[in-house]
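The structure appears right after this line, and notes come after that.
Fair warning: this is a prediction, and the values are worked out from it, not measured in the lab. One-based numbering, in listed order, for ligands and for the atoms of each. Along the sequence shown, the residues carry numbers beginning at 1.
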Amino acid sequence: MTATDRPLDVVILAAGQGTRMKSSLPKVLHPVAGRPMVAWAVKTAQELGARQVVVVTGHGAAQVEAALAGSGVLFARQQQQLGTGHAFLCGLDAATDHTSADVLVLYGDTPLLRVETLRDLLDDHRRRGSAFTVLTGELPDATGYGRIIRDAAGNVERIVEQKDASPLERTVREFNSGVYLMDARASELAHRITNHNASGEYYLTDLLALYRAEGDEVHAFRLADPAEVMGANDRSGLAEAEGIIRQRITGMHMRAGVTIHMPETVYIEDTVTLGRDVTLEPGVILRGQTTLADDVVVGAYSVITDSVLEAGAVVKAHSVLDGAHVGTGSDVGPFARLRPGTVLGSGVHIGNFVETKNAQLAPGVKAGHLAYLGDVTVGEETNVGAGTIVANYDGVNKHRTTVGAGVFIGSNSTLIAPRTVGDAAFIAAGSAVHDDVPEGAMAVARGKQRTIEGWSRRYWSGLREQVSAKLPWLAGWLGRQGG
Ligand code: UD1
Ligand code: CA
């Protein structure tokens, strides 16, 4: 078997507690840019083409395992946190047949590590015929990290932990990232790790010296940007990591032809797809399985989740879309809310303060102001007047309403579901529509207007006479009412 077609198994260490988060949520489940930290590690491992991914869990194990259920990983429970060396062995035990595989170790709390960096590490490891390669970085002050100790010839000799390091060793700037790539002897050699050190823990770092003692090729691969292995240990670290991921994503979209105004205010998850000449105004948030086709414009402070916008669609400021499909050239907002199951055909106009849910609006439908359209199908070119409500809920069940094409729904009408309104029907403003309206008909369902001549003048003058004696100021005010 050649080096390049050896399978790769990945062990992700994620059993530690992370007390600095001050949280009831396990550290590795804290989200960064829409995904728990440990899920970033899983995604990276899978993109790398891992055969098996084992996640070592301990603190909050049940929660971590539940969060990753369905992602195709294996779990190894580390009952007691006896150190990284012990955690690694727990992970290997859970992997099935690792005798011929390369093994990569990652942490569950370093979401910034890029798959490209790991590919470079893998290439370097295989090109050199290395048995063990440690990913290292260099910092002016590497306090806290394990340090890389090299021999006189510059070869990597061992890793010394901060606690165990001599004053001279503590001046070393090259630090251990905690990422290692090794051959299939890892399991055998890791069993030789002891806990005879300042912490009384089984250090995985000892594996490097164990490989070297066997006379095997041991190397270090230097990171260009040490920030990639920055672990998020507290809430500030989470925010910092999120900021870096956010910038990577907005940068990638801008390079691909998306205009982003004030990109430092725009948040796009890495599950989002954007076409060419998409324009995003400040404060836009795009989440989940969202796709924006070419030339879509999203106005300031709009939040779009799990939605598809076809070419040229425009979402104006402060709109909220969730699970919606918006057709070509439609415009939505400002201040519109499209809820799950909303499907807008092409050229639909949704104006301010319009809410839709489970609503299919055919091409050319217009709902310009203040409406609730729930559980409804509306035909082409129908005009939905301001204040229209589809009363879809009777207090127990939801009912569906169908409105035909070319219908005119007058302002402030209520369609009491389930209702059917035929094509080209006309509903008079202010109607409470409780019967179906056939095609071409007009429905008016409201109290008939009475007009009583002179009533207002008589009303106000009568009141004025009653109070003038007692409350002159009120009489003065009433004198201005009704002429
Ligand atoms: C470790 C390295 C250190 C390196 C640093 C990089 C060792 C002994 N030291 O130190 O050289 O510079 O990472 O960040 O490995 N974990 C378990 N089970 C355990 C202990 C740890 O799963 O029993 C997991 C943690 O959840 C974490 C990772 O292993 O994801 C690293 O553990 P941590 O305690 O942060 O190691 P460091 O002391 O930082
Ligand atoms: Ca750490």
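The main-chain N or O of L8 is never found under 3.5 Å from a side-chain atom of D102 such that the two would form a donor-acceptor pair. Side-chain N or O atoms of S307 include one that pairs as donor or acceptor with a backbone N or O of G323 at under 3.5 Å. Looking only at distances, a side-chain donor or acceptor of N197 sits under 3.5 Å from a matching main-chain atom of E201.
The one candidate from D206, T133, D183 that meets the side-chain hydrogen bond (donor to acceptor under 3.5 Å, both in side chains) condition with Y211 is D183.
Against a heavy-atom cut-off of under 4.0 Å, L13 is close to the following atoms of ligand 1: 22 (O), 24 (C), 29 (O), 30 (O). The distance from ligand 1 to the heavy atoms of T84 drops below 4.0 Å at these ligand atoms: 7 (C), 8 (C), 15 (O), 20 (C), 21 (C), 29 (O), 31 (C), 32 (O). Near A87, with a cut-off below 4.0 Å to any heavy atom, the atoms of ligand 1 are 17 (C), 18 (N), 22 (O).
The aromatic rings of H86 and Y202 sit tilted, their planes meeting at an angle between 30° and 60°. By the 30° and 60° cut-offs, the orientation of the rings of F335 relative to F353 is parallel.
Every N/O-N/O distance between G178 and ligand 1 stays at or above 3.5 Å. For ligand 1, the polar-atom distance check against T205 finds no nitrogen or oxygen pair separated by under 3.5 Å. Close N/O approach between G146 and ligand 1 is found [any backbone or side-chain N/O within under 3.5 Å]. Ligand 1 has no nitrogen or oxygen under 3.5 angstrom from a nitrogen or oxygen of Y203. Considering backbone and side-chain N/O atoms, G83 comes within less than 3.5 Å of an N/O atom of ligand 1. Considering backbone and side-chain atoms together, Q80 places no N or O closer than 3.5 Å to any N or O of ligand 1. Polar contact with ligand 1: present for Y107 (N/O pair, distance under 3.5 Å). For a threshold of 3.5 Å applied to N or O pairs, the pair formed by V56 and ligand 1 contains no separation below that value. Of the polar atoms of Y145, none of the N or O atoms is found under 3.5 Å from an N or O of ligand 1, judged by distance alone.
Salt bridge annotation for E161-K163: absent, with no cationic side-chain nitrogen under 4.0 angstrom from a carboxylate oxygen. Using a 4.0 Å cut-off between a side-chain N of Lys or Arg and a carboxylate O of Asp or Glu, D109 and K27 qualify as a salt bridge. Using a cut-off of 4.0 Å between Lys/Arg side-chain N and Asp/Glu carboxylate O, R51 and D9 are scored as salt-bridged. A salt bridge between R222 and E174 is present, with a side-chain N of the basic residue lying under 4.0 Å from a carboxylate O of the acidic one.
Only the backbone of L82 comes within contact range of ligand 1, with a heavy atom under 4.0 Å; no side-chain atom does.
Taking a 4.0 Å cut-off on heavy atoms, S177 registers as neighbouring ligand 1.
Taking only non-hydrogen atoms, the option from K27, E161, Q78, M37 nearest to atom 19 (C) of ligand 1 is Q78.
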